[in-house]
Amino acid sequence: MRDEILDICAETLRGQGHAAATGARLFEDRALAAAAVALLRDCRPMPVIVALIADLDAVANK
């Protein structure tokens with residue numbers, strides 16, 4: 001489920017003008033990680049979402 005959520009985030013970000021967004025790039029680019037965290041915070045607090053937020057937050061705040 002985690003990979004699918006990353007793919008959804010990347011697809012959404014590409015639709016918002018972040019052409020380089022991919023699931024992998026979310027863990028390599030601070031700005032993309034931060035944008036993904038913002039998307040995920042709008043989601044229900046499912047455990048997989050909460051864990052993914054923490055992981056991406058760590059990248060965004062390096």
Side-chain angles (χ1 to χ4, degrees):
M1 176 171 261
R2 180 182 168 98
D3 289 336
E4 290 84 0
I5 293 167
L6 284 169
D7 289 341
I8 291 166
C9 286
E11 182 179 339
T12 300
L13 291 172
R14 284 192 303 273
Q16 294 178 354
H18 298 278
T22 65
R25 291 272 304 145
L26 296 179
F27 287 97
E28 299 167 355
D29 183 299
R30 292 175 65 190
L32 289 175
V37 167
L39 288 173
L40 292 169
R41 291 204 173 163
D42 287 337
C43 295
R44 254 182 345 132
M46 297 169 41
V48 67
I49 299 291
V50 173
L52 188 52
I53 288 170
D55 291 347
L56 288 169
D57 244 350
V59 173
N61 294 309
K62 278 186 180 176

Self-check item: Under the side-chain contact (heavy atoms from CB on, under 4.5 Å) test, residues paired with Gln16 that sit two or more places apart
Solution: Thr12, Leu13, His18, Leu39
Quiz item: Partners of Arg25 by side-chain contact (heavy atoms from CB on, under 4.5 Å), sequence neighbours excluded?
Solution: Ala20, Thr22, Glu28, Asp29, Leu32
Quiz item: Should Val48 and Phe27 be regarded as members of a common hydrophobic cluster, given that ILVMFWY residues are connected when their side-chain heavy atoms come within less than 4.5 Å of each other, either directly or indirectly?
Solution: yes
Self-check item: Atom pair CE/CD1 of Met1 and Ile49 - distance to nearest 0.5 Å
Solution: 7.5 Å
Quiz item: Between Leu40 and Cys9, what is the shortest heavy-atom contact and its length?
Solution: CD2-SG, 3.6 Å
Donor-acceptor contacts, no H, no angles, side chain residues 55-62, under 3.5 Å, sequence neighbours left out:
{"residue": "Asp55", "atom": "OD2", "partner": "Arg2", "partner atom": "NH1", "Å": "3.0"}
{"residue": "Asp55", "atom": "OD2", "partner": "Arg2", "partner atom": "NH2", "Å": "2.7"}
{"residue": "Asp57", "atom": "OD1", "partner": "Asn61", "partner atom": "ND2", "Å": "3.4"}
{"residue": "Asp57", "atom": "OD2", "partner": "Arg41", "partner atom": "NH2", "Å": "2.6"}
{"residue": "Asn61", "atom": "ND2", "partner": "Asp57", "partner atom": "O", "Å": "3.0"}

